[in-house]
Chemist: 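Let me begin by handing over the structure; questions about it come next.
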Amino acid sequence: MISGKKTMEMIDKIDAMFPDAECELIHENSFELTIAVLLSAQCTDNLVNRVTRELFKKYKTPEDFLAVGLEELENDIRSIGLFRNKAKNIQKLCRDLIDRYDGEIPGNYDDLVSLAGVGRKTANVVLSVAFDVPRIAVDTHVERVTKRLGIARYKDSVLEVERTLMKKIPAERWSKTHHQLIFFGRYHCLSRSPKCDVCPLLEDCREGQKRMKVKAGQ
DNA sequence: CTCCCGATAT
DNA sequence: ATATCAGGAG
């Protein structure tokens, strides 16, 4: 695994590539953000935004989501995939918000993960984006790029990846870096076909070096 | 660990 | 055709 200094050199290059990286899930408040992140599991941000644009016109409060039948909500989010679990979780979550949290999204980790459909990654995104609490949410992109770059080990769990990143990156940069790693993974270090040939980090990247050798030897 | 799942890119 | 997409619950 790579040193903290080397890690920050790579982080700085990614910072230069995506200086304006930010949350791309369209939302107007912490409630909409939480619903959007819940919906984003195994689905692209683009598709989530396409659905929530209509969804948030129809459903503005937890009460609105509980005012319709489960089947109607399922149909309203069907195109996102995993729609049965997500619809069920949204209604449970809204019920809990009303019963236990006065209808408001709580701003601390333990309360967030107690909500249906909200796990560690979703809670970290909500804390970071909606409440300005320093967190690093490790999603599929963050996990992939940090492992490729050698910042984390391939055998590491997402929790271990998160701890490693928090250890190597100063807390005041967690939020920004988190989004920059996602942009890097989403637009440059793609899962199927990473753009190693035009990557500013190629010389630093273990996976990139490996891939270039394979490419040269065929 | 498995299951949930439609849309999209390759 | 199939891998992948801002994961979480059982």
Side-chain angles (χ1 to χ4, degrees), chain A residues 14 18 20-27 30-56 70-71 73-96 105 109-131 133-148 152 155-162 165 174-197 207 211 215:
Chain A
I14 294 173
F18 302 101
D20 302 319
E22 60 184 355
C23 178
E24 293 198 297
L25 292 167
I26 297 171
H27 63 281
S30 61
F31 178 63
E32 287 189 358
L33 175 66
T34 304
I35 299 294
V37 179
L38 188 156
L39 289 173
S40 71
Q42 302 293 292
C43 177
T44 59
D45 275 18
N46 266 329
L47 185 52
V48 173
N49 287 334
R50 209 181 306 160
V51 168
T52 55
R53 188 167 61 188
E54 300 306 316
L55 193 74
F56 293 155
L70 181 58
E71 207 172 292
L73 181 55
E74 285 180 354
N75 280 323
D76 288 336
I77 65 170
R78 179 172 298 266
S79 60
I80 289 205
L82 306 180
F83 61 91
R84 292 188 185 87
N85 286 336
K86 288 173 182 175
K88 200 179 302 177
N89 284 334
I90 286 173
Q91 290 200 323
K92 276 190 195 170
L93 179 148
C94 288
R95 173 46 56 197
D96 269 352
I105 298 292
Y109 179 81
D110 289 333
D111 287 337
L112 280 169
V113 293
S114 79
L115 299 169
V118 177
R120 185 177 186 87
K121 180 241 145 184
T122 299
N124 281 340
V125 172
V126 172
L127 285 173
S128 168
V129 175
F131 294 97
V133 178
R135 295 274 172 167
I136 298 178
V138 178
D139 69 345
T140 182
H141 296 298
V142 175
E143 180 177 15
R144 181 180 67 254
V145 304
T146 53
K147 288 182 177 181
R148 279 181 176 167
K155 62 178 183 181
D156 287 346
S157 67
V158 291
L159 189 57
E160 289 170 323
V161 172
E162 184 184 323
L165 287 172
W174 286 354
S175 178
K176 188 68 172 179
T177 300
H178 155 65
H179 291 107
Q180 291 173 323
L181 288 172
I182 289 176
F183 271 54
F184 182 66
R186 184 178 291 162
Y187 301 116
H188 191 87
C189 191
L190 311 187
S191 181
R192 304 284 278 284
S193 47
K195 303 176 180 179
C196 302
D197 50 340
E207 186 64 31
R211 284 169 183 264
K215 195 177 175 183

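A, B, ... follow the sequence lines: proteins, then strands. Residue 1 opens every chain. Only a predicted model underlies this, so the values are computations on that prediction, with no experimental measurement involved.
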Chemist: Indicate, with a heavy-atom threshold strictly under 4.0 Å, whether A:G119 touches base, sugar-phosphate, or nothing.
Modeler: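 It contacts sugar-phosphate atoms only.
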Chemist: Nearest 0.5 Å, please: how far is CG in A:L165 from OG1 in A:T177?
Modeler: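 So the gap between those two atoms works out to 9.0 Å.
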Chemist: Tell me, do A:V133 and A:Y109 make a side-chain contact under 4.5 Å, heavy atoms counted?
Modeler: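 Counting from C-beta outward, A:V133 and A:Y109 never come under 4.5 Å.
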Chemist: Select from A:G81 and A:R50 the residue whose nearest nucleotide in DNA chain B is closer to the 5' end of that strand.
Modeler: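 Checking each residue's closest nucleotide, the 5'-ward one belongs to A:G81.
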Chemist: With rounding to the nearest 0.5 Å, note down the distance linking CD1 in A:I136 to NZ in A:K121.
Modeler: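 Rounded to the nearest 0.5 Å, the CD1-NZ separation comes out at 14.5 Å.
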Chemist: Rounded to the nearest angstrom, tell me the gap between atom OH in A:Y109 and atom C1' in C:dG8.
Modeler: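 Atom-to-atom, A:Y109 to C:dG8, this comes out as 12 Å.
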Chemist: Going 5' to 3' on DNA chain B, which nucleotide is the first and which the last to come under 4.0 Å of a heavy atom in chain A?
Modeler: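 First-to-last contact on DNA chain B, by the 4.0 Å heavy-atom rule, is B:dC4 to B:dT10.
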Chemist: List in chain and number order the residues that pass salt bridge (charged side-chain N to carboxylate O under 4.0 Å, His left out) with A:K176, two or more places apart in sequence or in another chain; answer none if no residue qualifies.
Modeler: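 Counting only residues at least two positions away or on another chain, A:K176 forms no salt bridge (charged side-chain N to carboxylate O under 4.0 Å, His left out).
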Chemist: Under 4.0 Å from OP1 or OP2 of C:dT4: is there any side-chain N or O of A:R144 that close?
Modeler: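 The answer is no; no side-chain N or O of A:R144 sits under 4.0 Å from OP1 or OP2.
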Chemist: Can you spot which of A:N49, A:N89, A:I80, A:L25 makes a side-chain contact (heavy atoms from CB on, under 4.5 Å) with A:L39?
Modeler: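 Going through the options one by one, the only one that passes is A:I80.
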Chemist: With nearest nucleotide decided by heavy atoms, which residue, A:A137 or A:L115, maps closer to the 5′ end of DNA chain C?
Modeler: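 This one resolves to A:A137.
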Chemist: What orientation do A:F183 and A:F18 show, parallel under 30°, tilted 30 to 60°, or perpendicular over 60°?
Modeler: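 The arrangement is perpendicular - the two ring planes meet at more than 60°.
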Chemist: Would you measure the distance from the P atom in B:dC3 across to the matching atom in C:dA6 and give it in whole Å?
Modeler: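 So the two P atoms sit 24 Å from each other.
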Chemist: Could you identify which residues of residues 186-197 of chain A place a heavy atom less than 4.0 Å from some atom of DNA chain C, listed by residue number, or say none?
Modeler: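 A:R186, A:S191, A:R192, in order of number.
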Chemist: Rounded to the Å, how far apart are A:E143 CD and C:dC5 P?
Modeler: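 From A:E143 CD to C:dC5 P: 10 Å.
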Chemist: Does anything in residues 37-49 of chain A reach DNA chain B, meaning a heavy atom under 4.0 Å, and if so which residues?
Modeler: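 The stretch gives A:Q42, A:L47 as the residues lying under 4.0 Å from the strand, ordered by number.
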Chemist: Write down the atom of A:A123, the atom of A:V113, and the distance for their closest heavy-atom approach.
Modeler: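 Nearest pair, atom of A:A123 first, then A:V113: CB-CG1, 3.7 Å.
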Chemist: Mind calculating the distance between CG (A:L112) and C1' (C:dG8) to the nearest angstrom?
Modeler: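 Taking CG of A:L112 and C1' of C:dG8, I get 15 Å after rounding.
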Chemist: Shortest non-hydrogen contact from A:L33 to A:C23?
Modeler: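 Nearest pair, atom of A:L33 first, then A:C23: CD1-SG, 4.1 Å.
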Chemist: What are the two closest heavy atoms between A:K195 and A:Y187, and how far apart are they?
Modeler: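 Here A:K195 and A:Y187 meet closest at NZ-O, 3.4 Å.
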Chemist: Does anything in residues 76-89 of chain A pair up under salt bridge (charged side-chain N to carboxylate O under 4.0 Å, His left out), and if so which pairs, sequence neighbours excluded?
Modeler: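 Only A:K58-A:D76 qualify under salt bridge (charged side-chain N to carboxylate O under 4.0 Å, His left out).
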Chemist: Quick one: is C:dG8 close enough that its OP1 or OP2 comes under 4.0 Å of any side-chain N or O from A:T122?
Modeler: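 Yes, A:T122 has a side-chain N/O under 4.0 Å of OP1/OP2 on C:dG8.
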Chemist: If a pair satisfies salt bridge (charged side-chain N to carboxylate O under 4.0 Å, His left out) and one of its residues is in residues 31-55 of chain A, list it, with sequence neighbours excluded.
Modeler: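 The answer is A:D45-A:R186, A:E54-A:K57.
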Chemist: Given atom CG of A:L25 and atom C1' of C:dC5, what is their separation to the nearest angstrom?
Modeler: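 Rounded to whole Å, this separation is 12 Å.
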